[in-house]
Each structure stands twice: as C-alpha cells, then as structure tokens.
There are 2 protein chains.
Amino acid sequence: MGTTQLESVQEPKYWHLKTVLSEALDSDFAVGEILPNERDLAARFGVARATLRQALEQLELEGRLQRRRGVGTTVAPPRVGVAVSTGRREWTGGVGGEAWQPVDCTMDRAPAAVAAMLGTDSTEPVHVVRRIRATHGQAVAAELLYIPASSVPELSAIDAPAGAVRARSVLRELHRLGLEGQDRSVELGSARADDAKELDRLPGAPVLVVTTRYFTADGTAAVSVATYRADTCRLTFGDSGALEISEEEQDRQAS
Amino acid sequence: MGTTQLESVQEPKYWHLKTVLSEALDSDFAVGEILPNERDLAARFGVARATLRQALEQLELEGRLQRRRGVGTTVAPPRVGVAVSTGRREWTGGVGGEAWQPVDCTMDRAPAAVAAMLGTDSTEPVHVVRRIRATHGQAVAAELLYIPASSVPELSAIDAPAGAVRARSVLRELHRLGLEGQDRSVELGSARADDAKELDRLPGAPVLVVTTRYFTADGTAAVSVATYRADTCRLTFGDSGALEISEEEQDRQAS
DNA sequence: AAGTGGTCTAGACCACCGT
DNA sequence: CGGTGGTCTAGACCACTTC
C-alpha cells in the first residue's frame, strides 16, 4: 500500500449513524412511533449526544423524523404533496382541507426585494394580506401577499375594518382584475419568527420559500411570498395537462 | 458563570448572532470577500466556536455565505435563478451555459420509489442516464434519469458503448417518443455522496430534489430525479405564458 | 508547515411538555 | 415535578487547501 490512501475512506460518525438509523426506521419502526430519547440513543451507539443530534437533524431535514421539545422524537409520516399549480381559482380557494385561510390584512411598506418586483417605490405602503394554508388539519404554509394600492383602486375608498374580513375584500378585488399569468420561484430559506409560530416550528426551521408574481396587462399586480414547511411538504407542480393528484387519491395511497 | 444577563429576551445567542452578521454582510462586505476565520469571529463575539458555527450554518443555508474547508468563509453572490420550466426541448438542451450535459449511461435497477412511479417491476433493470447541469461555469444540479427498456424499444438491439455516447442515444430515443406532459415535485433533501461530489459539496449538503415524471399516451415513459444545490439555486417555473427571465437579463441585473 | 473549516467530546443549563 | 429536546461551552483532533 505504501503511499496510497486507505481504501475505506473515513466516513464521519454522524453520517454512518444516520444511515444505520435510517435503515432502522424502515424496518423496526412504525409511523408515529416514539424513539428512545437522545441521551439513551447516544449511549447505545457510543457517541456524544451532539453527534447523535447531528444525525437526527439530517433525518429531520429529510422528513423522516419529527422532534418536539418536551415531547420526544417520533417517526414522521411520508411528506404530503402540496399543489402549487397554475391555480386559476387561487384567490377563492375551496372549502376543503386544501384552502388558504385569510388571517389578517394591514397596510405596510413592502420589503425592498418585494418592492423591486412590484416596480413601486419602496416607501409607498401596500396592502399586506396574511394567509395560512392547511392540509389534513396541519398548517403547512404561511403567506404574505403584497398588493399595491394602485392594483385595487376600488378599495382605497372602502377602508374596511382590519382583519380577515378586509383580507377577503382585498382578495376579491384582486380576483376581479383578471390575472394574465404568474411567475414562480422556489428556494430554501429559514423561517422567520412570525412564520415559525404559524407553522408550529422553531424560528430558523428550514422552509421552502415560494415567491409568486401575478401579472395583469399593466404589469405586476401583486407579489406573494409563501413559506412552506420543508420537513413535511413536497411541492407539486401541474405542468401541461398532467394529471394532478387529488387529496383523496393521496389518502387512498397512504392507507 | 453560565448566562450573562443577555438582555431580558430569551433569544438564542446564535439567532441574535445570525442577525448581527446578516446586517454586517449587507453593509460592510462585498460579494466574494473573505470573512475572518471562525475562531477569531467567535472570540470577537464572545461565544464558543460551536455557537458561532450555528449562526454561520444558517446563513449558508440562506445562501448568504459560502464555506470551504481549508479555504475560508466568503460572502456568496445572490442565488442564481435556474429555469425548471415546462421545457419542450428539454432533451436536447442548448449549447449555452444552461445545458444539461450527459455524463454516463448504465443499466441498473431503479430504486423502489422510482419503480413505483414507472409502474414497473422493481427488479427489472432500466436505463439510468446521468446528467450534470451547469450555469455560469458552475455545476448546479446532478440528475439521474430512469428509463424502462420498454420505453425505448429501438435501443435494446443497439447496445451502444457505455458512457456519454450511449447516454445521448438514449435521450434521442426518448425525445422521439413525443411526450405528452410532465408532472413535477420539489422537496428538500440532503445530497448523497455521489451527487455531492458532482456538485462540489460535502455529503449531506442541503439540496432541492426535483422529481419529474414524463408521460406519453401509454403512461409514464421516464422518471427524473434531479438534485439542485440549495445554497446557490433559486428554481424558477414558467407558468402560463409568463415572461421567463433569460440568463442575459440576469447578468445585466446583477451588474 | 500553517491555516482553514469539519468533526467530536463530555459536560452544563434552559425552555417546554406532560402528569 | 421529571423527562424531553434546544442551547452553549471549552476544549481536542482531523481533512483539506494553500504556500
């Protein structure tokens, strides 16, 4: 051998640990089952707790585990597919478990990045609608919708009472515009404190940030920034007439 | 000693640290600039290196920083938008920086999850085409394309030499089928060792996993599993005639 | 060889949940 | 209250890159 490297490259302990645990999850555990606590697990594998935690963090990132402070670590169900399709009826939203639920509506300055997309002055206040999306009774996404007052001129005179009621009227106005198209992007982020609270996660939890621009003939009418729980969600996109899997079908497959 | 009276707020140190660093990145650093090393930074902020690292990890996750072992920590450029659109000409791919580059083609068993989507027996070997996608000279994604032999019957007799040449001929056959649609999903994952190597990252690095099913009239013709670097990529989807931003435009905006 | 980030340890205390 | 995961420390050594 001499100068050549050892054939078995040294694999980090936490990586090997992750593999072992992953296989154990497949064979020895059922969804929802509680794992031994971190101190016991670390002792069983003969590693420090920090090392064990590094493996658990990876598995949680991959949606295999769910950890809750004060409770324990459980085996997570498969990720739920969430449709982020070219939704024609996006604003209204069905009454089923799929719906966006308006929570609040305020008037505020848009963040610089959003103002740039809207093509407005960043000091000009815009309508900010907060919506929550739930599936199977679980909150999966929190959204902030930014709508320049100029996009919904009818509303400026109304000045409805704040809260969900006003949110709905803004959405109604927006729906009335007749949107011509949209433009989406997805990237990884970490949950802000307010979003984390809505999603029942700790601040900094990994999220998929979906940014959508809504167009009318006049230009960008609104911008949405939606943060989806990365641990529990798989975003699905319906392309070119492909069959979009329905919620009911998913439930059947799961059972 | 333990905790000093760090304000009355119970904000974790690493979280506060992340905020401070993030603001410093905005004001005091240019893209590409090298930060002080972790030991110095930790000392400067009066925290343990592990705590400082927790903050850096978050910032790297958000695409603000780039860390390389043996080199240092640098300020990352804004994430590059990568089109994952309803690509009609997906198989061929232009010659520009946007292209998928075929690397290899083997015959192997598909993973169980892929076999399920293909609707084939998981023991039946399929063509496995490996492709790399690069933008601006940077590898951004690694893909495995699974194609049942039954989808490309013309090819079974040919048995071209392995490698990129065979990969290209398989893609050509697939292109000839006339695909009717596709079905995409995006989720968070961690890079396998082989993908990590292609993407110049460490194993376990966060990636966006884009799974695509390609349909013909007969059913699913192929399944692609592409892993994009989550730190450097923002996936963009062209919906319903929306303007897809071109690479050239992005470059102009960046400057 | 020197310097960087990556891994690992063995503790400690804190915040939160259930009982 | 006891038990859980979350944060934090002050070290140590390793793998890698660069000079």
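Sequence lines set the chain letters: A, B, ... in the order given, protein chains first and strands last, and positions in each chain run from 1.
- Rounded to a whole Å, the CD atom of B:Glu38 is 5 Å from the C1' atom of C:dG5.
- Exactly one residue among B:Glu62, B:Gln54, B:Glu23 makes a side-chain hydrogen bond (donor to acceptor under 3.5 Å, both in side chains) with B:Lys18. That residue is B:Glu62.
- Of the side-chain N and O atoms in B:Asn37, none sit less than 4.0 angstrom from OP1 or OP2 of C:dG3.
- Between the P atom of D:dT7 and the CG atom of B:Leu17 lies a distance of 14 Å, rounded to the nearest Å.
- One N or O donor and one acceptor, one from the side chain of A:Arg39 and one from the base of D:dG5, sit under 3.5 Å apart.
- B:Cys105 and B:Val129 get closest at one heavy-atom pair: SG-CG2, 3.9 Å.
- Atom-to-atom, CG of B:Asp200 to C1' of D:dC16 comes out at 12 Å; the value is rounded to the nearest Å.
- Within the structure, a side-chain polar atom (N or O) of B:Tyr14 is placed less than 4.0 Å from OP1 or OP2 of D:dT7.
- Side chains of A:Thr212 and A:Arg184: a donor-acceptor N/O pair is present below 3.5 angstrom, by distance only.
- For A:Asp108, there are no salt bridge (charged side-chain N to carboxylate O under 4.0 Å, His left out) partners, not counting sequence neighbours.
- Taking only side-chain nitrogens and oxygens, B:Arg67 comes nearer than 4.0 Å to OP1 or OP2 of C:dG6.
- No side-chain heavy atom of A:Arg131 sits less than 4.5 Å from a side-chain heavy atom of A:Gln101.
- Taking atom NZ of residue B:Lys197 and atom P of nucleotide D:dC16, one finds them 11 Å apart after rounding to whole Å.
- If you check D:dC16, C:dA15, D:dT9 against the side chain of A:Arg69, the one that comes closest is C:dA15.
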Fill in: Derivation and outcome, salt bridge (charged side-chain N to carboxylate O under 4.0 Å, His left out), residues B:Arg130 and B:Glu143
CA-CA 6 Å; B:Arg130 188 138 186 68; B:Glu143 181 199 44; over 6 Å; no
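- Within residues 49-61 of chain B, the residues having any heavy atom under 4.0 Å from DNA chain C are, by residue number, B:Arg49, B:Arg53.
- The distance from atom CG of A:Leu35 to atom P of D:dT4 is 12 Å, rounded to the nearest whole Å.
- Rounded to whole Å, atom P of C:dC8 lies 12 Å from atom NE2 of A:His16.
- Atom pair B:Trp15:CH2 and D:dT7:C1' shows a separation of 14 Å (rounding to whole Å applied).
- What you find for A:Ala110 and A:Val126 is that their closest heavy atoms are CB-CG2, 4.0 Å.
- Distances shown here put a side-chain N or O of A:Thr73 below 4.0 Å from the OP1 or OP2 atom of D:dG5.
- A straight line from CD of B:Glu11 to C1' of C:dA15 spans 15 Å, rounded to a whole angstrom.
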